[in-house]
Protein chains: 2
Amino acid sequence: MTLDKRIRDAIEARIRSGEWRPGYRIPFEHELVAEFGCARATVSKALSALVAAGLIERRRKAGSFVAHPQVHAALLDIPDLARLEGYRWERTACATAAPEEMVEVQSGPLLRVEGIHHADGAPLALERRLIDVSTVPEAATADFETEAPGSWLLGHVPWSDARHRIRAIAADRAQATALGMPIGVACLQLERWTWRAGALVTYVRQVFPGDRYDLTAEFGSRR
Amino acid sequence: MTLDKRIRDAIEARIRSGEWRPGYRIPFEHELVAEFGCARATVSKALSALVAAGLIERRRKAGSFVAHPQVHAALLDIPDLARLEGYRWERTACATAAPEEMVEVQSGPLLRVEGIHHADGAPLALERRLIDVSTVPEAATADFETEAPGSWLLGHVPWSDARHRIRAIAADRAQATALGMPIGVACLQLERWTWRAGALVTYVRQVFPGDRYDLTAEFGSRR
DNA sequence: TGCCATATTATGTCTAGACATAAAAGTAGA
DNA sequence: TCTACTTTTATGTCTAGACATAATATGGCA
C-alpha cells in the first residue's frame, strides 16, 4: 500500500462513514502533512485523487471540503425524481415486506414504500422502494407523506455505492393502471441497489413509460 | 494553460488523430522531458492523466503504449456485439440513405447497412447503421458481407467520442418479424452517435428484445 | 458604516533528485 | 539448447523546497 493511497483511504473512510458530512472542511494540507509525516506533494496527490473521485472540492485559501453528493451520475443521466420541480409524490403503501424481487442481495428487515411521481399532472414514474431498516433505523419512523423516500434518504445517508440495471418491460395490469396506460405498453425499468459501507441501504425500482422518457449518456472516450 | 496539460494535450492529439495507433510505443519519459524541457514529475503527471482517461497504458521497463480502444464504456455496460463470440452478422441491406431518424445531427452522404446479430441461433439484436462516407471514405468500398460494420469501423477509426440514448419501445411489424417475436413486444433501443474530431463517423440503432437483454451500470461514487 | 487596497494563506504547479520495483535483456552454467 | 542468475532500465513513489495564484481576512480611509 503506497502512502498516498493510505492517506486517500483514511479520508475517504471518514467521508463515507458520515463522520465528515458534506460541506465539512477537512484538515489543511499542512495538517495532513503533520499527521502522516510526509511531503506536501504526497498529500496533494491523495487530495487530487479524491477530487477526481468526486468526494471533495478544493478551494484556494479556503481549504478542502467534503463535496455535496449528487444523484446524477456523471456519465449516465439518471434523473433524481425527488429533486425535480413539479414532481409530486403520492404514497400508496408502507409496510414491512419480504424482498421477493431482490434475490441474491443480502439485507436486514425491509420497509416497503410505493408511490407515483407526477409531472404536469400526469404520472411519469412508478416507484417501489425497499429500505433496509437495520442500515437506516430512522426510516422506520420517517414521515413519507410529506417527503418522498428518495430525497429523505439523500438527507440521511451521505455517501454510498450503487448498481443499476436498466431493461425494457411490458407494463402489467397494476403498473398500467397506476400510470393510466394500456396493459403491455413498453416501459423503461430502472432498478438501483444502494449500499453504504457494504450494507444495503435501499433498493428501488422505477418504471417509466417508454414514450415519455429516455436515458442519455455521453462518453468523451474510447469506442 | 499549465505545462502538464500542454504535454497531455500534445500526446492526446497525436493519438486521437490516428498518428499514434493502438499499441504504438510513445516516447519514453526522458525523451518527453527533453522535448518539453521540464522535470520528469511533470511528464509523469501528464502520462498518469492519460492513463486515467484510458488513452495509454504504462509498463515498467517497457515504456508507455497507446491503449487499445474498447467499446465497453467503463461505467455503462454496453456490449460490443461484433466482438462477442457466437454472434453472427446477417446483412440485409446496404444503400445510400437519407438520415430520416438522425435529425439535428450534421453529416455528409451516408451509407446505410442493416443486419441482425444472432446468439445461439436466435436473433438477439437488430441493427441499423448509417456511416458518414465523407468521414470514412473507405466504407464505401468495404465488404460488410464478411465483417460486421461495427468491428470494421473499430479497425478503421481509432478514437472517437460517443453519445448514447436508451429508451423502451414496442417492436413494430418489421422489427418483430426480424426478431421472430410478436408485434408490440417491449424492446430496449440503444442509439449511438459516434464522432471523430467533430465529424460524424456513424449512427447506429440497436434493438434488443426486453426479455433477452438488460444493461447494468455500477457507480462507486456519489448518490 | 461602507468601500477599497493590502496582507495573508491554502492550494496549484513545478523542479531536481533519490530510491524502489518490475520486467526485459543479457550472461553464464548445465 | 535450456535454465537460472545478473544487469539494465523505464516507470512508480516520494521528498524538500520554490514560486504562482486566487480567495479570504484585515486595516485604513471616506
Side-chain angles (χ1 to χ4, degrees), chain A residues 1-15 19-70 74 222, chain B residues 1-15 19-70 74 220-222:
Chain A
M1 176 78 88
T2 57
L3 218 173
D4 69 299
K5 183 114 180 46
R6 276 203 16 240
I7 298 171
R8 189 196 149 149
D9 288 351
I11 296 171
E12 183 165 349
R14 281 185 267 203
I15 293 175
E19 182 186 340
W20 290 351
R21 318 213 90 217
Y24 177 86
R25 207 213 78 227
I26 72 173
F28 292 127
E29 291 187 356
H30 66 83
E31 295 173 304
L32 293 169
V33 163
E35 179 179 346
F36 291 93
C38 64
R40 189 167 77 90
T42 306
V43 166
S44 185
K45 187 181 172 189
L47 294 183
S48 295
L50 289 169
V51 168
L55 278 163
I56 68 168
E57 289 170 10
R58 303 170 84 181
R59 292 207 306 275
R60 274 193 165 100
K61 163 77 182 176
S64 298
F65 301 82
V66 177
H68 287 273
Q70 296 183 9
R222 15 184 174 174
Chain B
M1 175 78 89
T2 57
L3 218 170
D4 69 300
K5 182 117 179 47
R6 275 200 20 238
I7 298 170
R8 189 197 148 150
D9 287 352
I11 296 171
E12 183 166 349
R14 280 184 268 204
I15 293 175
E19 183 186 340
W20 290 350
R21 318 214 91 215
Y24 177 86
R25 207 213 78 227
I26 73 173
F28 292 127
E29 291 188 356
H30 66 83
E31 294 174 306
L32 292 169
V33 163
E35 179 179 346
F36 290 95
C38 64
R40 188 167 79 91
T42 306
V43 165
S44 185
K45 188 181 172 190
L47 295 183
S48 295
L50 289 170
V51 168
L55 279 163
I56 68 168
E57 288 170 11
R58 302 170 85 182
R59 291 209 305 275
R60 273 192 166 100
K61 163 76 182 175
S64 299
F65 300 81
V66 177
H68 287 273
Q70 297 182 8
S221 56
R222 14 184 175 175

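Everything quoted here is computed from the prediction, not taken from an experiment. Keep in mind that the numbers below use all heavy atoms, side chains included, and drop hydrogens, waters and symmetry copies.
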TODO: Under 4.0 Å from any heavy atom of chain A: name the first and the last nucleotide of DNA chain C that qualifies, 5' to 3'.
DONE: dT8(C) to dT13(C)
Between [atom1] of [X] and [atom2] of [Y], what distance do you get to the nearest 0.5 Å?
X	Y	atom1	atom2	result
Lys45(A)	Arg8(A)	NZ	CZ	11.0 Å
Leu32(A)	Ile7(A)	CG	CD1	7.0 Å
Ile56(B)	Ser64(B)	CD1	OG	4.5 Å
Ile11(B)	Leu50(B)	CD1	CG	5.5 Å
Met1(A)	Asp9(A)	CE	CG	4.5 Å
Leu55(B)	Arg14(B)	CG	CZ	13.5 Å

- [ ] Check whether any side-chain heavy atom of Glu29(A) lies under 4.5 Å from a side-chain heavy atom of Arg58(A), and answer yes or no.
- [x] yes
Open item on the list: Can you confirm whether Arg25(A) is buried at CZ, in the sense that more than 12 heavy atoms of other residues, nucleotides or ligands lie under 6.0 Å from that atom?
Closed with: yes
- [ ] May I ask you to list the residues of residues 38-48 of chain A, by number, that have any heavy atom positioned under 4.0 Å from an atom of DNA chain D?
- [x] Cys38(A), Ala39(A), Arg40(A), Ala41(A), Thr42(A), Lys45(A)
- [ ] Send over the distance from Lys61(A) NZ to dT24(D) P, rounded to a whole Å.
- [x] 9 Å
Open item on the list: What is the separation between atom CZ on Arg60(A) and atom C1' on dA25(D), rounded to the nearest whole Å?
Closed with: 18 Å
- [ ] Taking all non-hydrogen atoms of both residues into account, name the closest pair between Leu3(B) and Cys38(B) and its distance.
- [x] CD1-CB, 4.0 Å
Task: Upstream residue (5' side of DNA chain D) when Thr2(A) and Ala62(A) are each assigned their closest nucleotide - done: Thr2(A)
Open item on the list: Need the bend value for the helix from dT1(C)-dA30(D) to dA30(C)-dT1(D): angle between end axes, 5 pairs each end, nearest 10°.
Closed with: 10°
TODO: Go through the steps for Thr42(A) and Thr2(A) under the test side chain to side chain contact (heavy atoms under 4.5 Å, CB included), then give the verdict.
DONE: CA-CA 10 Å; Thr42(A) 306; Thr2(A) 57; over 6 Å; no
